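Please read the structure below before turning to the comments.
Model, not experiment: these values are computed from the prediction. In the text below, chain A, chain B and the rest are named by the order of the sequence lines, each starting its count at 1.
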Amino acid sequence: MQHPLAFVLAIAHIAAVIALLNGILTTMGQAKIAAAAIESIARQPEARGPIATNMFVGLAMAETSGIYGFVIAILILFARPLIGPFVDYLMIMPGM
Amino acid sequence: MNQFMLFLLNANVEERLFAMDAQTFRQLIPHLFNFIPLAIFITFILYKPVRNLLNERAARIARDLDEAETARTSANELKAQYEQRLKDIELERSIILDDARKLATERRNREIAEVKEEIAAMKTRAQLEIAAELAYVKEQVEQSIVDISTAMAGKLLTTTINAKAHSRLFDEAMAELEETIFKPAATL
Amino acid sequence: MFDANVPVHGVITINGFELWITNTVVMGWVISAILIIFALIVRFKLKNFKERPTGFQNAVEMMVDAFEGFMKANGNPAIAWMGGWFFTLFTFILLANITGIFPGMRPPTADWPLPLALALTTFFFIQFSGIRYRGWKYVKGTYLNPHWLFLPVNLLGELSRPISLSFRMFGNILGGLILVTLMYQLTPFFARFVLPIPLHLIFDIAFGALQAFIFTVLSLTFVGLAAAES
């Protein structure tokens, strides 16, 4: 039989990948922001500076959810909140 | 000192990428103790003096610009004055010129009229002279013809008629006639 | 396991209170030392700064002037006296982010405690300027917004600001660091000095400057909004 810890690690990696999937929607939102900014620069080229500044701030705001997903993936992969309780559980389980 | 500060190299520590335990939040203490004095130091040593320098320079430049602006305004006023004066002079000049031109035109017209009158008078005088001359010439010619005819009639009556005498008489008469006819023509 | 972990150089124990001296703390000290030396050089050269700037003086003046314009463009005039704070924040984060281009150095902002500390100072400034410039109206308008029953929700929303600020920069820099480290591990030895250079340029210089800019702009906007009268 497989070691149960390996199973937990596999689940953790899958969970990390799922957490990273929100990058799709984040990227779409950022693309929309960039498209709108380019459109307004094309319509009003003299307002290029403020539009670019606001675009970067808006991109950073839209990036937040993607960064949260990334942080959760890092947390799952490296901080390993699941492993500690599981190891404790293995310790008290007889015969493992 | 024994309990106050103790460096334990290679202690039971974990090299990690990211974690959310008590140690992570304890790490805030050295960072805050590092960053807050740094920010105060940079603010008072670097940022404020340089900013004050820049502000002073900006104020000085603004003052210089103001002075230049006032100087330019006064110069513009002076220029406007001069231009006004120039315009006045121009107006005066044009008035004088117009007057002079009008005067000259009047005078010219008057002189032209005088000359025309004179010419007309000369013309009438000349016509009168021509008419008088013509009358005189006519009278002369009439006189000559009368003279010739009387002379010819006299000759005819006084001489005998023979061939020789006739032709001689005729020649004489002719010569006389020529003389009479051409004499006024020569005198004319 | 690849080598993107935070090294721990030592441990201080004060009455059982254990504090690790990590690489991040040391890098913070190094960057602070660089900034302090720079400030001292500027301070000593300030006396013979000329009317027409050249060279070093020009660079310093351009930096400060650009930051002043940036403060005026993005911030509230009431918080102009905090310019030094934001200037330090910007230069510190910028230096911290671009230390990653040196091989063997780990950018300190890729460790969560440092961005969290910076974001907590921003949080403090938000509350401070709100209470100083608007007083009770700020507390009422922010925390007790529709009704006092909403206090927990508003508190959570207000606390999420430093968290999201810190996680934004931490995630960006850590993502770049992980990618660069993976690139170093995956490339063969002879290509190790050529292939990661574009990644360094993008993740350390471009994204580092961008993140420093965004952190400062967002802090300025938050503090300016808290201090705004309306």
Side-chain angles (χ1 to χ4, degrees), chain B residues 1-69 71, chain C residues 1 3-25 28-29 31-32 35-36 38-40 42-43 46 49 51 53 60-61 63-65 67-68 82-89 91-92 108 110-114 116-118 120-121 170 174 178:
Chain B
M1 204 71 183
N2 53 348
Q3 279 261 303
F4 183 64
M5 187 179 275
L6 192 64
F7 271 86
L8 293 174
L9 286 168
N10 299 318
N12 187 18
V13 296
E14 184 193 2
E15 290 203 349
R16 70 250 185 109
L17 192 62
F18 177 54
M20 278 180 162
D21 54 1
Q23 190 54 240
T24 305
F25 295 102
R26 276 179 210 169
Q27 294 280 311
L28 292 176
I29 295 163
H31 291 313
L32 287 175
F33 266 95
N34 180 20
F35 186 72
I36 292 171
L38 174 76
I40 292 166
F41 184 83
I42 295 286
T43 301
F44 286 101
I45 298 296
L46 171 67
Y47 189 75
K48 277 197 175 165
V50 175
R51 196 186 60 184
N52 288 343
L53 193 84
L54 285 177
N55 284 347
E56 271 168 28
R57 185 181 300 159
R60 201 163 51 237
I61 288 169
R63 212 167 50 233
D64 286 359
L65 276 179
D66 274 357
E67 278 168 14
E69 188 63 32
Chain C
M1 191 62 67
D3 200 14
N5 290 340
V6 187
V8 180
H9 296 311
V11 177
I12 296 179
T13 314
I14 305 165
N15 290 331
F17 183 82
E18 195 181 75
L19 189 68
W20 299 354
I21 303 299
T22 58
N23 189 35
T24 312
V25 179
W29 290 342
I31 290 161
S32 300
L35 281 178
I36 286 169
F38 179 73
L40 286 177
V42 170
R43 185 66 182 162
L46 200 66
F49 265 20
E51 185 66 18
V60 174
E61 282 184 4
M63 225 161 61
V64 175
D65 200 37
F67 201 80
E68 278 279 291
M82 293 180 198
W85 174 271
F86 291 112
F87 180 75
T88 317
L89 195 67
T91 42
F92 186 85
D111 184 19
W112 192 44
L114 179 57
L116 185 63
L118 300 182
L120 281 180
T121 59
F170 165 69
L174 181 66
I178 288 175

Under 4.5 Å from a heavy atom of chain B, the part of [X] involved:
X: C/I31; answer: neither
X: C/S32; answer: both
X: C/F86; answer: neither
X: C/W85; answer: both

Practice prompt. Step by step, work out the side-chain hydrogen bond (donor to acceptor under 3.5 Å, both in side chains) result for C/T22 and B/Q27.
Written response: CA-CA 9 Å; C/T22 58; B/Q27 294 280 311; 3.2 Å; yes

If every non-hydrogen atom of [X] is compared with every non-hydrogen atom of [Y], which pair is closest and at what distance?
X: C/L19; Y: B/P30; answer: CD2-CD, 4.1 Å
X: C/E68; Y: B/Y47; answer: OE2-OH, 2.8 Å
X: B/A39; Y: C/T88; answer: CA-CG2, 3.5 Å

Worksheet item: Given that the side chain runs from C-beta out, which part of B/I40 has a heavy atom under 4.5 Å from chain C: side chain, backbone, both or neither?
Response: neither

Worksheet item: Side chain, backbone, both or neither: which part of B/L38 has an atom under 4.5 Å from a heavy atom of chain C?
Response: both

Fill in: Candidate pair C/L40 and B/F41, rule side chain to side chain contact (heavy atoms under 4.5 Å, CB included), full reasoning
CA-CA 10 Å; C/L40 286 177; B/F41 184 83; 3.9 Å; yes

Worksheet item: Do C/F38 and B/I42 come close enough that some side-chain heavy atom pair is under 4.5 Å?
Response: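 No, every pair of side-chain atoms sits at 4.5 Å or beyond.
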
Discussion item. Counting C-beta onward and ignoring hydrogens, is there a side-chain heavy-atom pair between B/T43 and C/M82 closer than 4.5 Å?
Written reply: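 Sidechains of C/M82 and B/T43: no contact.
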
Discussion item. Strictly distance-based, threshold 3.5 Å: is any side-chain N or O of C/R43 a donor or acceptor partner for the main-chain N or O of B/L46?
Written reply: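 Answer holds: no.
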
Worksheet item: In Å and rounded to the nearest 0.5 Å, what is the CZ to CZ distance from B/R51 to C/F87?
Response: 11.5 Å

Discussion item. To the closest 0.5 Å, what do you measure between CG (C/N5) and CZ (B/F18)?
Written reply: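 Answer for the CG-CZ pair, C/N5 versus B/F18, is 13.0 Å.
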
Discussion item. If we define contacts as heavy-atom pairs under 4.5 Å, which of C/V25, C/N23, C/T91, C/V42 has the most with chain B?
Written reply: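 Going by pairs under 4.5 Å, I would pick C/V25.
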
Item to complete: Could you tell me which of C/V64, C/L174, C/D65, C/L89 has the largest number of non-hydrogen atom pairs under 4.5 Å with chain B?
Response: C/V64

Discussion item. Assess the residue pair B/F25 and C/L116 against the criterion (side chain to side chain contact (heavy atoms under 4.5 Å, CB included)); give the C-alpha distance rounded to whole Å, side-chain angles, the decisive distance to 0.1 Å, and a yes or no.
Written reply: CA-CA 9 Å; B/F25 295 102; C/L116 185 63; 3.8 Å; yes

Worksheet entry | Audit row: B/L17, C/V6, side chain to side chain contact (heavy atoms under 4.5 Å, CB included) steps and yes/no | CA-CA 6 Å; B/L17 192 62; C/V6 187; 5.5 Å; no

Fill in: Top contributor to chain C interface from B/N34, B/L53, B/I45 [non-hydrogen pairs under 4.5 Å]
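Top count of heavy-atom pairs under 4.5 Å with chain C: B/N34.
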
Worksheet item: Salt bridge between B/R57 and C/E61, side-chain N to carboxylate O under 4.0 Å?
Response: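 Salt bridge between B/R57 and C/E61, a charged N being under 4.0 Å from a carboxylate O: yes.
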
Practice prompt. Starting from the C-alpha separation in whole Å, work towards a yes-or-no answer on side chain to side chain contact (heavy atoms under 4.5 Å, CB included) for B/H31 and C/T24.
Written response: CA-CA 9 Å; B/H31 291 313; C/T24 312; 3.6 Å; yes

